[in-house]
2 protein chains.
Amino acid sequence: MRRSTRKEESPDLGILTSRVLFSVQKEMFETLGLRGHPRVRPRHGAVMAYLDAEGSRATDLAHQSGQHKQVIGTLVDELAELGYVRREPDPEDRRAKLIVPTDLGLDMMSVSDAIMADIERRHALVVGEQAYDEFKRIFHKVADLQLGRGKD
Amino acid sequence: MRRSTRKEESPDLGILTSRVLFSVQKEMFETLGLRGHPRVRPRHGAVMAYLDAEGSRATDLAHQSGQHKQVIGTLVDELAELGYVRREPDPEDRRAKLIVPTDLGLDMMSVSDAIMADIERRHALVVGEQAYDEFKRIFHKVADLQLGRGKD
DNA sequence: ATTGACTATCAATTATGTTGACTATACCGT
DNA sequence: ACGGTATAGTCAACATAATTGATAGTCAAT
């Protein structure tokens, strides 16, 4: 059997994650576009995915998203330009600034959370609620293992 | 509870896939470097992951990897430069060229397949053989569902 | 033989990611 | 309080990657 055929029939973890990631990303940003947020792009996800309503620090976003802090900086510039966030001084640390979502930002956060929930609900419906929960549980464990942490 | 905390405790499908993908990718290319292939980079995966020993067409690689054919072109340029593949005329279609792995390319393909198998074996050992198989089965199904929906 | 689709490639542009350095502030041990 | 060291965010230069539009050759079906 050809290697490409084998990889098609039994895709490995790298292939599965990349396919699902990019396809989910595509659906996410196309749908966001239809729901009033046409200018946000996948890379902005690094900020919007983890942003807290109370505001977040760039460094925290960098850690959570796995991006360099310089990247977060330019993302925040862009998102500020688009009206999704603004920078405020952090009252607890005068070196830091809080990145705080505007009303538009809050809307986008809740819309994107809803889109992701829809996607997952759709899959759970087909593969079975219980099977999907178990899938997520193992996936979480695999992610922690792969990232080098220990989660029991 | 803060949104970022919630996303940390119950990461969604987008977060899980991106974390695992980039972490697997990092391990893959660091290990490939240690095993005699230091010059290949993640993006070359689009070609090397699907390449057949008998040779593959650029268009097929583009479809399988989800990359534009222009990208495949530059990847093949680089891989040819590094001695991993060469272009041969396709005997069945004079428009097309077959991208054929050299001996070095074949070695890299088998090493990378082995690295990925090691990674998955490691996870299977921890979460349980049976649970991991089930995880992969649901993942495959979710991937097919997602690609069918998000309009590949 | 002509038409429309497909293969690969070129070239130009835009987008994204990486690296090193720098200022201001905080933290810690003394 | 003082010094050294670590951290937060930003600048700027550079390196890599992805997107788009166009082209010449080939194919496949009239």
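Convention: sequence-line order gives letters A, B, ...; per-chain numbering from 1. When reading the values below, keep in mind they use all heavy atoms of this one structure, side chains included, and skip hydrogens, waters and symmetry mates.
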(request) Indicate whether the side chain of Y84(B) and that of H37(B) have a donor and an acceptor atom separated by less than 3.5 Å. (result) yes
(request) Look up atom OG in S65(A) and atom OH in Y50(A), then write down how far apart they are to the nearest 0.5 Å. (result) 7.0 Å
(request) Could you check how far CD of E81(B) sits from P of dT16(D), rounded to whole Å? (result) 14 Å
(message) Measure CG/L79(B) against P/dT16(D) and give the value in whole Å, please.
(response) 15 Å
(request) Could you run through nucleotides 4-15 of chain D and give me one letter per nucleotide, 5' to 3': B if any protein heavy atom sits under 4.0 Å from the base, S if only the sugar-phosphate is that close, - if neither? (result) --BBSBBB----
(message) Nearest whole Å is fine: how far is dT19(C) C1' from Q67(A) CD?
(response) 15 Å
(request) Find the distance H68(B):NE2 to dT7(C):C1' and express it as a whole number of Å. (result) 16 Å
(request) Going by the side-chain contact (heavy atoms from CB on, under 4.5 Å) test, name the single residue among E54(A), R87(A), E88(A) that passes it with V100(A). (result) E88(A)
(message) Can you tell me how far apart CG (L16(A)) and CG (L21(A)) are? Round to the nearest 0.5 Å.
(response) 12.0 Å
(message) So, taking the atom named NZ in K136(A) and the one named OG in S10(B), what distance separates them when rounded to the nearest 0.5 Å?
(response) 7.0 Å
(message) Please confirm whether the shortest side-chain N or O distance from R94(B) to OP1 or OP2 of dC27(D) is below 4.0 Å.
(response) yes
(message) Can you list, in residue-number order, the parts of residues 43-50 of chain A that come under 4.0 Å of DNA chain D, counting heavy atoms only?
(response) none
(message) Between the side chains of R122(A) and E27(A), is the shortest nitrogen-to-carboxylate-oxygen separation below 4.0 Å, so that they form an ion pair?
(response) yes
(request) Quickly work out the E92(B) CD to dA8(C) C1' distance and round it to whole Å. (result) 17 Å
(request) Return the value, rounded to whole Å, for the distance between atom CD1 of I72(B) and atom P of dC10(C). (result) 15 Å
(request) Could you check whether the rings of F135(A) and F135(B) sit parallel, tilted or perpendicular, using 30° and 60° as the cut-offs? (result) parallel
(message) Given 3.5 Å as the limit, does a donor-acceptor pair link the side chain of T17(B) with the main chain of V20(A), or not?
(response) no
(message) For residues L75(B) and L32(B): do they belong to one hydrophobic cluster (side chain heavy atoms under 4.5 Å, members Ile, Leu, Val, Met, Phe, Trp, Tyr)?
(response) yes
(request) Could you tell me the separation between the CZ atom of R39(B) and the C1' atom of dT16(D), rounded to a whole number of Å? (result) 14 Å
(request) Specify the separation, in whole Å, of atom CD of E78(A) and atom P of dG17(C). (result) 10 Å
